Amino acid sequence: MSKAGQENFPVALRMLPAGYRNHLMAVYAFARHVDDLGDEAEPGDRSRLLDDVETDLDRLYDGSVPRLPVVRALARTVRECSIPAEPFRRLLEANRRDQTVTRYRTFDDLLDYCALSANPVGHIVLRVFGAAEPARLTWSDQICSALQILEHCQDVGEDHARGRIYLPEQDLRRFGCAESDLAAPSTPERLRRVVALQTARAAEMLREGRPLVASLSGHARLAVAGYVAGGLATVTALERAAHDVLGRPVRPRRDHRLAAWLRVLATWR
């Protein structure tokens, strides 16, 4: 749970009633656990461990008691919020893909990956708040994909050290980047231009998701605005750093996230 505070997690979370907060943290714990297996477990064990999680997910949806604590902790959330298994399975599939796919040719290819790695989280969150209507799910996909792209921009060096590149090959070639640029001590200008392009695309996608925030009320609006605010604050942090994502970590300050959250709540109507 301590990792939640290190990510673009909504500043609104602490202000939600305990019931919603517990559901969201159970979902976060599952997603974080699956990501950790796909990124940090011994490479030869990752596929098996991900299969173990899916088997335990089957137990949960079959009415049996899951063996893994992180899956067992989902039981109440799944039951009370009527969450189907499919979004959780897509998160597992994203991490399976990470074991075999390490490059993405185009931005559309990257969006296909985000449909597995990020968009399911938005669907689950809307289910938690009883707000999962078709139009809202579409807007949510824009927001969640944008948040994933921004995270890839922040983690260029870390991802490259793991053997993965989440910047589209088409864009890297367009700006004359070599793969060695991603391991430089500071970000070459040509690579900054690639990161700037992805940042601009993500910012536009966040704006395209604006109707989702406007359509919500109460605690759902509070929480979703927090996710959006985290993304907007990250866009600002990347721009202020001149998109130098290799020289130092680029993370939005907490007060900037709070300001962005209040701004979204006040103006996205």
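Hydrogens, waters and symmetry mates are skipped; everything else that's a heavy atom, side chains included, is used. Not measured: the values here are computed from a predicted model.
- A 6.0 Å sphere centred on CZ of Arg162 holds more than 12 heavy atoms belonging to other residues, nucleotides or ligands.
- Taking OG of Ser217 as the reference point, atom CG of Leu222 lies at 11.0 Å (rounded to 0.5 Å).
- For the pair Gly163 and Thr102, the tightest heavy-atom approach, listed with the atom from each and the gap, is O-CB, 3.3 Å.
- When the side chains of ILVMFWY residues are joined at heavy-atom separations under 4.5 Å, either directly or via intervening members, Tyr104 and Leu182 end up in two distinct hydrophobic clusters.
- The stretch residues 37-92 participates, sequence neighbours left out, in these ring pair (Phe, Tyr, Trp, His ring centres under 6.0 Å) pairs: Phe30-Phe88.
- Ala31 is linked by a side-chain contact (heavy atoms from CB on, under 4.5 Å) to Leu91, counting only residues two or more places apart in sequence or in another chain.
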Exercise. Going through the distances and angles, do Tyr28 and Ile124 end up as a side-chain contact (heavy atoms from CB on, under 4.5 Å)?
Worked result: CA-CA 10 Å; Tyr28 175 84; Ile124 295 168; over 6 Å; no
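- For Ala233 against Arg257, the heavy-atom pair with the smallest separation is CB-CG, 3.7 Å.
- For residues 206-219, the salt bridge (Lys or Arg N to Asp or Glu O under 4.0 Å) pairs, not counting sequence neighbours, are Glu204-Arg207.
- Of all non-hydrogen atoms in Cys114 and Ser145, the two that sit nearest each other are CB-OG, 3.5 Å.
- Residues satisfying the side-chain hydrogen bond (donor to acceptor under 3.5 Å, both in side chains) criterion with Glu189, sequence neighbours excluded, are absent altogether.
- Legend: residues meeting side-chain hydrogen bond (donor to acceptor under 3.5 Å, both in side chains) with Asp35, ordered by chain and number and at least two apart, are Asn95.
- Judged by distance alone, with hydrogens and angles left aside, the side-chain atoms of Arg269 form a donor-acceptor pair with the main-chain N or O of Leu265 at under 3.5 Å.
- In this structure, the separation between CZ on Arg105 and CD on Glu169 is 8.5 Å, given to the nearest 0.5 Å.
- Screening residues 181-202 for ring pair (Phe, Tyr, Trp, His ring centres under 6.0 Å) gives no qualifying pairs among residues at least two apart or on separate chains.
- In terms of heavy atoms, Leu191 sits closest to Asp181 at CD2-O, 3.6 Å.
- Criterion: ILVMFWY side-chain heavy atoms under 4.5 Å apart, direct or through other members. Under it, Tyr113 and Leu92 are not part of a common hydrophobic cluster.
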For this session: Test Phe107 against Ile149 for side-chain contact (heavy atoms from CB on, under 4.5 Å), laying out the working first.
Result: CA-CA 10 Å; Phe107 187 70; Ile149 291 162; 3.4 Å; yes
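- To the nearest 0.5 angstrom, Leu111 atom CG is 5.0 Å from Met205 atom CE.
- Contact check for Pro252 versus Thr234: side-chain heavy atoms found under the 4.5 Å cut-off.
- Taking a cutoff of 4.0 Å between a charged side-chain nitrogen and a carboxylate oxygen, Arg201 and Asp171 qualify as a salt bridge.
- Here Arg90 does not pair with Glu93 in a salt bridge; the nearest charged N to carboxylate O distance is not below 4.0 Å.
- Under the 4.5 Å side-chain criterion, counting only non-hydrogen atoms from C-beta, Leu147 is not in contact with Val121.
- For the side chain to side chain contact (heavy atoms under 4.5 Å, CB included) test with His152, the passing option among Val245, Leu110, Leu167 is Leu110; the others fail.
- The shortest non-hydrogen separation linking Arg46 to Ala41 is NE-O, 2.8 Å.
- Taken to the nearest 0.5 Å, the CG atom of Asp141 stands 3.5 Å off from the NE2 atom of His123.
- Here the CD atom belonging to Glu158 is positioned 10.0 Å from the CZ atom belonging to Arg164, to the nearest 0.5 angstrom.
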Problem set entry | Ile165 vs Leu172, side-chain contact (heavy atoms from CB on, under 4.5 Å): CA-CA, chis, key distance, verdict | CA-CA 10 Å; Ile165 298 176; Leu172 291 168; 4.0 Å; yes
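- Sorted by first then second residue, the salt bridge (Lys or Arg N to Asp or Glu O under 4.0 Å) pairs that include residues 239-249, not counting sequence neighbours, are Arg192-Asp244.
- Remark: Asp109 pairs with no residue by the salt bridge (charged side-chain N to carboxylate O under 4.0 Å, His left out) rule, at least two apart or across chains.
- The side-chain heavy atoms of Arg21 and Leu24, taken from C-beta on, include no pair separated by under 4.5 Å.
- Around CD of Glu86, the count of heavy atoms belonging to other residues, nucleotides or ligands within 6.0 Å exceeds 12.
- In summary, Arg251 and Asp155 engage in a salt bridge, as defined by a charged side-chain N under 4.0 Å from a carboxylate O.
- For the pair Arg221 (side chain) and Val213 (backbone), a donor-acceptor distance under 3.5 Å is present.
- What you find for Ala118 and Cys144 is that their closest heavy atoms are CB-O, 3.5 Å.
- Legend: residues meeting side-chain hydrogen bond (donor to acceptor under 3.5 Å, both in side chains) with Tyr20, ordered by chain and number and at least two apart, are absent.
- Looking at Val125 and Tyr227, their side chains come closer than 4.5 Å, going by heavy atoms from C-beta outward.
- Between Leu206 and Leu150, some side-chain heavy-atom pair lies under the 4.5 Å cut-off.
- Taken together through direct or relayed side-chain contacts under 4.5 Å among Ile, Leu, Val, Met, Phe, Trp and Tyr, Val235 and Tyr166 form parts of separate hydrophobic clusters.
- For CZ of Arg103, the number of neighbouring non-hydrogen atoms (other residues, nucleotides, ligands) closer than 6.0 Å is greater than 12.
- Looking at heavy atoms from C-beta onward, Ile143 lies out of side-chain contact with Trp139 at the 4.5 angstrom threshold.
- The existence of a salt bridge linking Asp56 and Arg59 is confirmed by a sub-4.0 Å separation between a basic side-chain nitrogen and an acidic carboxylate oxygen.
- Proximity of Pro84 to Arg127: side-chain heavy atoms (C-beta onward) are separated by under 4.5 Å at one or more points.
- Partners of Asp108 according to the salt bridge (charged side-chain N to carboxylate O under 4.0 Å, His left out) rule, which considers only residues two or more places apart in sequence or in another chain, do not exist here.
- Between Val228 and Leu212, the closest side-chain pair of non-hydrogen atoms is not below 4.5 Å.
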Problem set entry | Stepwise side-chain contact (heavy atoms from CB on, under 4.5 Å) check, Leu57 with Arg89 | CA-CA 8 Å; Leu57 203 59; Arg89 296 193 193 284; 4.1 Å; yes
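- Residues that satisfy the side-chain hydrogen bond (donor to acceptor under 3.5 Å, both in side chains) test with Thr236, not counting sequence neighbours, are absent from this structure.
- Among residues two or more places apart in sequence or in another chain, the salt bridge (charged side-chain N to carboxylate O under 4.0 Å, His left out) test is passed with Arg174 by none.
- Glu133 CD to Leu126 CG: the interatomic distance, rounded to the nearest 0.5 Å, is 9.5 Å.
- Within the 3.5 Å criterion, the main-chain N or O of Thr106 finds no donor-acceptor partner in the side chain of Gln170.
- At least one donor-acceptor pair closer than 3.5 Å links the side chain of Gln198 to the backbone N or O of Val194.
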